[in-house]
Amino acid sequence: MASSLVSKPFLKGHRADGVPGLGFRPSDIRGLSVQIAIQRRSCPPRRLEVQAIGNVFGNYFKVATFGESHGGGVGCIISGCPPRIPLSEADMQAELDRRRPGQSRITTPRKETDTCQILSGISEGMTTGTPINVFVPNTDQRGHDYSEMSMAYRPSHADATYDFKYGLRSVQGGGRSSARETIGRVAAGAIAKKILKMKSGTEILAYVSQVHKVVLPEGVVDNDTVTLEQIESNIVRCPDPEYAQKMIDAIDAIRVKGDSVGGVVTCIARNVPRGLGAPVFDKLEADLAKAALSLPATKGFEFGSGFAGTFLTGSEHNDEFYMDENGNMRTRTNRSGGIQGGITNGETIYMRIAFKPTSTIGKKQNTVTRDGQETELIARGRHDPCVVPRAVPMVEAMVALVLLDQLMAHLAQCEMFPVNPALQQPLSPALNGKSLTSKLAQ
């Protein structure tokens, strides 16, 4: 605030008490007019800005998902995708087909083709560097299946908490809490997996390692050699045929009773470059945990030795270093799970994610209505008796999104200038003077 004072000039040579030298005599005050003008400086108006939270993932490779289970469709918008990457709907459709409902008797019977459409960000089969919009229409909605659930809350479902937060909810299919939201993640993850494979040869695979009380023993599956073909060889996505059948039988037994079971998905990432991740708050395992636990029905996350490592001593748990036949520093064991100090060490990353039993079941349960009345509920609708077979591509997608985001961050910070060749392995070597795109086109 600025102000100005305008008055008659002082009489020079006199003080206020009549002593010469300070300005005026007391008698001079009579008849003195004083005017005060106040001028306000203009300030820009304040704006109330509301940011949509909880729908965007990533810092460099950003993915925003949209849509609801029984709306017009679902999908994602991807920002930050590098340009000149060969891409088509077929690249994403293969992953979406692994996620889609109705693929076997142990998944939800809802029939959706989940056919994706790329609406922007592609020109002549190549990414342009601008946002990529992927859309998948919903075609098999049955809103009438949710009439009872519009009044009564499903136990252990997000029905009640969505009401607690928003004061209303999308009843049909659970809205955003439905696993159909993950279509956008899987589509974006397919792109991330492709870029990681092109740039660093990184391969991400997940498989079911537990269904209810059927647990795949340690060592039965070799994480260094297991293949996608082995994982996809059966409907439960367990690479060991003997245990796969036991898991299928366990799901079948509970499915016919109108109940559900949970399980565990193991995920590995091979050929991950060294140096990805950051100290303190952005540790790679912390990002992976957030990504995995953001998936529907997740209840636990561990990587490396996990909770079992607490039973070991330091000398038993430490991964000792050695030099291999190619002159590379390696670790003889991998209890660290490929991450030390929040940063990758070049070994295989492996983690396990626990999924709870599906909360929507066909058995009678006690619950409460929206107006606070106790009641009983038998939930209708089409739901997975066990979510883990379809969760496999979802887990792979989220791990791919984290690794690509961290890879882009690493390139931006640590390879802007030449690396220290004694300690670092560059991620951007020259390909005989040719660009990556021209090399791939050969």
Side-chain angles (χ1 to χ4, degrees), residues 193 195-207 217-228 230 239 266-280 282-289 302-352 396 399-400 402-434 436 439:
K193 289 171 74 172
I195 297 173
L196 288 166
K197 188 74 172 179
M198 291 168 59
K199 184 66 177 176
S200 57
T202 299
E203 183 180 24
I204 300 166
L205 294 171
Y207 58 87
E218 286 287 331
V220 171
V221 174
D222 185 348
N223 287 338
D224 292 329
T225 61
V226 65
T227 65
L228 178 63
Q230 290 175 314
T266 295
C267 186
I268 59 173
R270 300 189 293 229
N271 299 320
V272 179
R274 295 175 177 176
L276 303 191
V280 195
D282 292 330
K283 285 183 168 68
L284 181 58
E285 65 267 36
D287 281 1
L288 289 170
E302 63 177 10
F303 82 101
S305 62
F307 289 98
T310 62
F311 294 102
L312 303 178
T313 63
S315 59
E316 294 170 327
H317 190 272
N318 288 344
D319 296 318
E320 294 183 345
F321 292 108
Y322 76 101
M323 301 300 294
D324 68 10
E325 62 274 11
N326 298 316
N328 298 315
M329 188 171 70
R330 302 285 306 280
T331 61
R332 297 191 183 279
T333 55
N334 191 21
R335 298 184 185 93
S336 300
I339 305 171
Q340 294 170 330
I343 300 171
T344 57
N345 63 4
E347 303 295 335
T348 297
I349 297 174
Y350 68 95
M351 66 208 81
R352 292 169 294 279
E396 291 177 359
V399 171
V402 171
L403 292 181
L404 179 57
D405 204 54
Q406 289 279 13
L407 176 63
M408 295 174 75
H410 179 81
L411 291 171
Q413 180 188 23
C414 297
E415 294 203 18
M416 181 175 289
F417 297 102
V419 301
N420 180 349
L423 299 174
Q424 296 174 288
Q425 294 178 342
L427 295 176
S428 304
L431 295 173
N432 298 323
K434 298 181 179 181
L436 179 61
K439 182 75 174 178

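For reference, positions follow the sequence shown, starting with 1. Here the structure is a predicted model, which means the values were calculated and not measured.
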Please name the pair of heavy atoms, one in [X] and one in [Y], separated by the smallest distance, quoted to 0.1 Å.
X	Y	value
A400	K193	CB-CG, 3.5 Å
I204	C267	CG2-SG, 3.9 Å
T202	S200	OG1-OG, 2.8 Å
P239	V226	CB-CG2, 3.8 Å
A269	L403	CB-CD1, 3.9 Å
D324	R330	OD2-CG, 3.7 Å

Just so I know, are the side chains of [X] and [Y] near enough to count as touching, which here means a heavy-atom distance under 4.5 Å?
X	Y	result
P273	T344	no
E302	M351	no
F303	I339	yes

Rounded to the nearest 0.5 Å, what's the gap from [atom1] on [X] to [atom2] on [Y]? Could you check?
X	Y	atom1	atom2	value
Y322	D319	OH	CG	11.5 Å
N318	R332	CG	CZ	14.0 Å
I268	D224	CD1	CG	7.5 Å
E285	Q340	CD	CD	10.0 Å
D287	Q406	CG	CD	5.0 Å
L276	I349	CG	CD1	7.5 Å

Determine whether a donor-acceptor pair (N or O, by modelled atom type, separation under 3.5 Å) exists between the side chain of N420 and the backbone of Q424.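 Flag not set: sc N420 to bb Q424 has no pair under 3.5 Å.
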Main chain of N328, side chain of N326: is a donor-acceptor contact present, judged purely on distance under 3.5 Å?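 Judged by distance alone, no pair lies under 3.5 Å.
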Look at atom CZ of F311 and say whether more than 12 heavy atoms of other residues, nucleotides or ligands are closer to it than 6.0 Å.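 Open: at most 12 neighbouring heavy atoms sit under 6.0 Å from CZ of F311.
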Atom CE of M323 with >12 non-hydrogen neighbours under 6.0 angstrom: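 Check passes, neighbour count above 12.
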Residues two or more places apart in sequence or in another chain: which of them pass side chain to side chain contact (heavy atoms under 4.5 Å, CB included) with N334?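 In terms of side chain to side chain contact (heavy atoms under 4.5 Å, CB included), with neighbours along the sequence ignored, N334 is linked to E347, T348, Y350.
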Sequence neighbours left out, what pairs pass side-chain hydrogen bond (donor to acceptor under 3.5 Å, both in side chains) with at least one residue falling in residues 266-278?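 Qualifying pairs: E203-R270, S209-T266.
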